[in-house]
Amino acid sequence: MDRMNRFFGDNLTCFRGGRFVFAGLSFAVEEGGALVLRGPNGSGKSSLLRMMAGLLPPSAGALAWDDGRIDEEPEAHHERFHYVGHADAVKPVLTVAENVEFWARLRTPEPDTRAALEAFGIDRLADVPGRFLSAGQKRRVNLARVLAAPVRLWLLDEPATALDADAVRAVEAAIAAHRARGGMVVASTHQALGLDGGDVLDLADFQGEDLDID
Amino acid sequence: MSGMETFLEMGGHAGYIWPAYGIVALVLAGLWLASRRFVRASNAELEDLNPRARRKRGSGDEA
Amino acid sequence: MTNFVTILRRDLRLSFRQGMDSLMVVMFFVIAVVLFPFGVGPEPNILARIAAGVIWVAALLASMLSLERLFQTDYEDGSLEILVLQPVSLEVVVAAKVTAHWLTTGLPLIAAAPLLAVLLNMDAGGFAILILALALGTPSLSLIGAIGAALILGARRGGVLLSLMVLPLYIPVLIFGVSAVDAALGGFAARPHLLILSGLLLATVALCPWVGAAALRQAMRS
Amino acid sequence: MIHRFANPTRFLRLADRIQPWAAGLTVVLGGAGLYFALFSSPADYQQGETVRIMYIHVPSAWMALFCYTALAAACATALIWKHPLADLAARATAPIGACFTLLALATGSLWGKPMWGTWWVWDARLTSVLILFFLYLGYMALNGAFDDPERGQKASAILALVGFINVPIIKFSVDWWNTLHQPASVIKMGGPAIHPSMLTPLLLMAFAFKAYFVWVLLMRMRGEINAMKIRAVRLRQVHAAEATSADAGAATGEAR
């Protein structure tokens with residue numbers, strides 16, 4: 001992983017659906033660091049994560065790595081992070097291994113699928129077609145693709161939903177190992193997930209006032 | 001013309017009779033092969049599942 | 001290039017595992033053509049005259065029928081969102097998906113076309129040109145349709161909307177596809193028509209992945 | 001009320017006994033039929049040698065109708081008496097019936113060209129057999145269109161029963177409409193109107209095709225039973241994985 005050690009955003013504003021979801025929001029996450037997004041539902045946690053992934057352009061402000069803004073070279077930015085949203089993208093007809101392998105192969109010619117499956121305890125289901133899996137197992141398959149191809153930054157939107165205690169522990173272990181290797185994590189979550197070392201960003205502090213329509 | 005040639009010539013209609021028999025042989029053999037492969041593959045997958053299922057159940061009891 | 005192959009192989013594997021989908025597109029194509037003799041009457045020489053047009057229109061509708069699902073399934077299960085965020089240029093993603101669509105629908109249509117030409121009593125002389133014209137025309141149908149498929153993501157009644165948008169864009173391909181076959185049947189040279197079809201194909205190959213990628217980016221922005 | 005053959009093991013034992021006989025009969029009758037059809041039966045005074053196509057065209061057409069009737073019967077059994085094996089029998093019959101219908105159309109077309117001068121004509125008998133072919137494909141497509149096999153079997157069973165109206169239409173199409181296709185000449189009220197030397201290859205081939213049907217049907221039934229078992233094991237596997245992790249969670253006393 002190249003030596004980019006800082007991902008930051010300054011004075012970010014998100015204006016959607018006629019209202020300021022958040023305004024004037026700045027953050028920075030360092031090598032080995034973690035940022036936990038807190039705040040009530042609808043306070044813009046998901047929007048901020050999508051903004052960091054480049055899916056949603058900020059109404060104002062900018063996001064950048066050390067070497068420059070993310071919107072200037074989207075593909076370079078895409079090399080550096082995994083985004084885990086709400087949908088699990090598991091194909092019913094493909095087996096668990098095939099699902100994880102597909103995503104990993106887009107990043108590394110020789111993905112380490114076996115280890116990723118073992119980390120989340122689904123190696124025994126490696127050749128079970130996706131349609132048989134439960135919601136929790138589909139979630140683990142989605143998370144396994146993150147491990148199969150290591151990157152610098154993880155953007156996790158409620159990673160622990162539909163996961164049981166055993167799987168949550170696996171996620172915590174994975175995050176700890178990732179940070180130990182110098183990786184960074186930005187996650188919106190209600191559980192601790194072992195991110196206590198990192199700093200917390202409460203979206204409530206950046207709620208923009210509503211646009212007066214009349 | 002030798003017996004063989006007249007036979008193959010089929011009174012001038014060779015172009016229709018042999019393809020007809022050919023298609024029937026092709027399709028029936030094809031269906032038989034596909035069915036055999038279908039059975040073989042499902043047998044193999046079933047065999048493959050059983051030992052693992054037994055081993056897992058075995059390990060499940062010890063844990 | 002390897003990313004193109006990875007996406008293409010996954011899409012082909014998905015469609016082979018659900019073998020029924022491409023089979024159904026060909027069945028629609030066959031049944032649509034078989035309806036015409038019931039409508040227009042079984043008169044052989046009437047059927048022979050309209051055979052090329054009927055086959056081309058049915059091929060157009062059949063390939064458009066399966067286009068709605070081109071990005072829809074990936075959009076619904078979240079794969080598209082992840083795909084957009086991979087270090088792969090979207091143009092390659094669109095090109096791979098269009099190639100997979102053409103291989104699973106375009107090719108079977110071309111294979112079934114001569115059989116239907118027999119049902120419509122078309123003179124055997126036109127078969128070769130029919131196949132060649134379809135081979136040149138169906139890829140551009142998939143390419144143009146891919147733009148429509150990307151634009152309708154998330155829209156209500158996407159299927160109908162897709163046909164309203166895409167069918168008018170298909171008209172040039174239809175005109176020259178049918179005229180190539182009719183020229184061959186009439187004993188004239190089909191070359192000029194085929195050359196124009198190839199021109200259309202080159203234009204769509206150059207333009208559509210780029211426009212489709214922009215449409216996908218737009219769809220993901222919501 | 002579990003049918004005697006409901007549990008597959010009993011059915012599989014029976015199939016193991018019948019299948020070799022069906023295979024043997026197919027080869028023996030098929031060989032004899034081919035010999036009579038191609039070598040020792042006379043050419044027709046009108047059509048010449050092309051009459052030999054009849055020896056495979058007519059049995060294929062009979063099988064196409066026979067298979068659809070069997071398919072509809074299996075679907076009715078499945079729907080009415082909820083017989084688990086009936087669904088599998090229907091799923092196994094459809095591809096065989098579709099192949100025989102395809103053969104009937106292909107050999108008919110190859111016979112039509114020398115006799116009528118055209119590969120295809122929109123004649124009542126030919127068109128209704130073409131519709132039969134679409135019904136087979138429709139059944140198979142609908143059957144495989146759902147993730148849950150039971151849903152697919154129930155839906156396609158209804159389609160098969162609805163489509164059954166087409167079988168009498170095919171049977172009597174030659175009588176109701178003045179068709180280019182000649183009327184029935186074997187199974188007729190006044191007994192077969194064919195010369196015995198032509199009847200033997202016809203009947204031999206017909207029985208060979210029936211034996212072939214039984215042979216491939218039993219094979220495909222075995223495959224379908226395997227597929228059913230595989231599905232069950234996969235589901236158990238997934239629940240087992242879910243259960244072990246849940247126990248582990250519960251065992252360490254952590255609230256989930």
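Excluded from the calculations below are hydrogen atoms, water molecules and symmetry mates; all remaining heavy atoms, backbone and side chain alike, are included. Remember, it's a predicted structure, so these values are computed and weren't measured experimentally. Protein chains get the first letters and strands the later ones, always in sequence-line order, with residue 1 at the start of each.
Of the candidates Ser15(C), Ser63(C), Ser66(C), His101(C) forms a side chain to side chain donor-acceptor pair (under 3.5 Å) with just one, namely Ser66(C). Checked options Phe8(A), Phe22(A), Phe7(A); the residue passing with Phe27(A) is Phe7(A) (criterion: ring-ring contact (aromatic ring centres under 6.0 Å, His included)).
Only the backbone of Asp88(A) comes within contact range of chain C, with at least one heavy atom under 4.5 Å from a heavy atom of that chain. Contact annotation for Thr6(C): both backbone and side-chain heavy atoms come within less than 4.5 Å of a heavy atom of chain A.
Minimum interatomic distance between Leu67(C) and Gly145(C) (heavy atoms only, all atoms of both residues): CD1-CA, 3.2 Å.
Here Pro57(A) is the residue among Ala76(A), Gly54(A), Pro57(A), Pro109(A) with the most heavy-atom pairs under 4.5 Å with chain C.
Salt bridge Asp11(C)/Lys97(C): present, at least one basic N to carboxylate O contact under 4.0 Å.
In this structure, Arg6(A) is not positioned above the aromatic face of Trp65(A) in the sense of NZ or CZ being under 6.0 Å from the six-membered ring centre and within 45° of the axis.
Between His78(A) and Phe81(A), the two ring planes are perpendicular [angle over 60°; tilted spans 30° to 60°].
Counting only distance, with no hydrogens or angles, the side chain of Ser188(A) and the backbone of Lys45(A) share no donor-acceptor pair below 3.5 Å.
Heavy-atom proximity under 4.5 angstrom to chain A picks out Ser79(C), Glu81(C), Ile82(C), Leu83(C), Val84(C), Leu85(C), Gln86(C), Pro87(C), Val88(C), Ser89(C) from residues 79-96 of chain C.
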